[in-house]
2 protein chains.
Amino acid sequence: METYRNVMESEAARFSGSPAAQVINVLSTRWGVLTVEAVRDGNMRFNELQRHLCGISHKVLIDTLRALQRDGFIRGPLTDPRLTEYVLTPVGAELIELINEIRRWSEDRQGRLARARDEFDRGRD
Amino acid sequence: METYRNVMESEAARFSGSPAAQVINVLSTRWGVLTVEAVRDGNMRFNELQRHLCGISHKVLIDTLRALQRDGFIRGPLTDPRLTEYVLTPVGAELIELINEIRRWSEDRQGRLARARDEFDRGRD
DNA sequence: CTGTATCCGCGAGGATACTG
DNA sequence: CAGTATCCTCGCGGATACAG
């Protein structure tokens, strides 16, 4: 066990200790963003989520849900026995806004970013 | 070799293909943020950077610099022989703004985030 | 169905030696 | 000093079997 201090908690070294760590944890793990978005898309039970996130393994979904709950972005039966579904917390909803901002930022610079890669890769083959 | 397609390019699966991948790559790797910030703090040569980023290994700094250059956030001797120092690109400077926004976002919610963790951890020991 | 407990592969990050 | 080439470690993400 001891997973809840594992997944999403290499503690995003560069932000370690800082509050930003919890955000980076979500962004930087394999299924973090996908999972919060799945939860937002409709409060779901475990199996619905797993089907929604096609490809995620049983264990990894549990680990991810646990980490997201520990960081306060979702709530669900795993921590609160009264619940039957996973739901976004208010902070979780705000997190999605932040994620969307990052997406926008990237799309606004899509051209420049892509060009950088092309140039770099061209110089090297 | 083949590192430049390695470091920072597990291709941030959840954003794979999307332009946001390049941003997440920086955020999610051990030294990504620290390195762009070091480059901003003063255009430096390799060894100065390594001293500035105390603890980073030789190889990892090179890998990180290469990835940051590939993604267009910095430029330097590694890709451009005319340069002697590593410098931020315009997009790189904007990236730092984005990072600061994420920091602000987190600090604004610091209390709620910390409380979530405390509650979770308390419920489990 | 939901969560736990194991076992495993692979890749990022690190240590080190070698080359211009 | 800057960059390359190896080798190693450790932990995330995954597969699977088991338990309420």
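Just so we're on the same page: letters track the sequence lines, and every chain starts at 1.
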Atom [atom1] of [X] to atom [atom2] of [N]: distance rounded to whole Å?
{"X": "A:Q50", "N": "C:dC1", "atom1": "CD", "atom2": "P", "value": "10 Å"}
{"X": "B:L61", "N": "C:dA12", "atom1": "CG", "atom2": "P", "value": "17 Å"}
{"X": "B:K59", "N": "D:dT9", "atom1": "NZ", "atom2": "P", "value": "14 Å"}
{"X": "B:L34", "N": "C:dG14", "atom1": "CG", "atom2": "C1'", "value": "16 Å"}
{"X": "A:L65", "N": "D:dC12", "atom1": "CG", "atom2": "P", "value": "17 Å"}
{"X": "A:D63", "N": "D:dA15", "atom1": "CG", "atom2": "C1'", "value": "13 Å"}
{"X": "A:E85", "N": "C:dC1", "atom1": "CD", "atom2": "C1'", "value": "14 Å"}
{"X": "B:N25", "N": "C:dG13", "atom1": "CG", "atom2": "P", "value": "10 Å"}

Let me know, please, whether A:G55 or B:R51 comes out on the 5' side of the other along DNA chain D by nearest nucleotide.
B:R51
Can a donor-acceptor pair be found, under 3.5 Å and without considering hydrogens, that links the side chain of A:E48 to the backbone of A:M44?
no
Give a yes or no answer on whether the side chain of B:T89 reaches the backbone of B:G72 with a donor-acceptor pair at less than 3.5 Å.
yes
Sub-4.0 Å heavy-atom contacts from residues 38-49 of chain A onto DNA chain D, ordered by number
none
Is the distance from OP1 or OP2 of D:dT4 to the nearest side-chain N or O of B:R66 less than 4.0 Å?
yes
With a 4.0 Å cutoff (strictly under), does any side-chain N or O of A:Y86 reach OP1 or OP2 of C:dT2?
no
Who passes ring pair (Phe, Tyr, Trp, His ring centres under 6.0 Å) against B:H58, sequence neighbours left out?
B:F46
Out of D:dT4, C:dG3, D:dG13, minimum distance to the side chain of A:H58 belongs to C:dG3
For the side chain of A:W31, starting at C-beta, report the closest nucleotide among C:dG13, D:dG3, D:dG14.
D:dG14
Starting from the C-alpha separation in whole Å, work towards a yes-or-no answer on side chain to side chain contact (heavy atoms under 4.5 Å, CB included) for B:I99 and B:V36.
CA-CA 10 Å; B:I99 292 171; B:V36 280; 4.3 Å; yes
Does some side-chain heavy atom of A:F73 sit less than 4.5 Å from a side-chain heavy atom of A:V26?
yes
Apply side chain to side chain contact (heavy atoms under 4.5 Å, CB included) to the pair B:E94 and A:R112, showing each step before the final yes or no.
CA-CA 12 Å; B:E94 293 170 39; A:R112 282 192 277 165; 3.3 Å; yes
Of all residues at least two apart in sequence or in a different chain, which pass the side chain to side chain contact (heavy atoms under 4.5 Å, CB included) check with A:D118?
A:R122
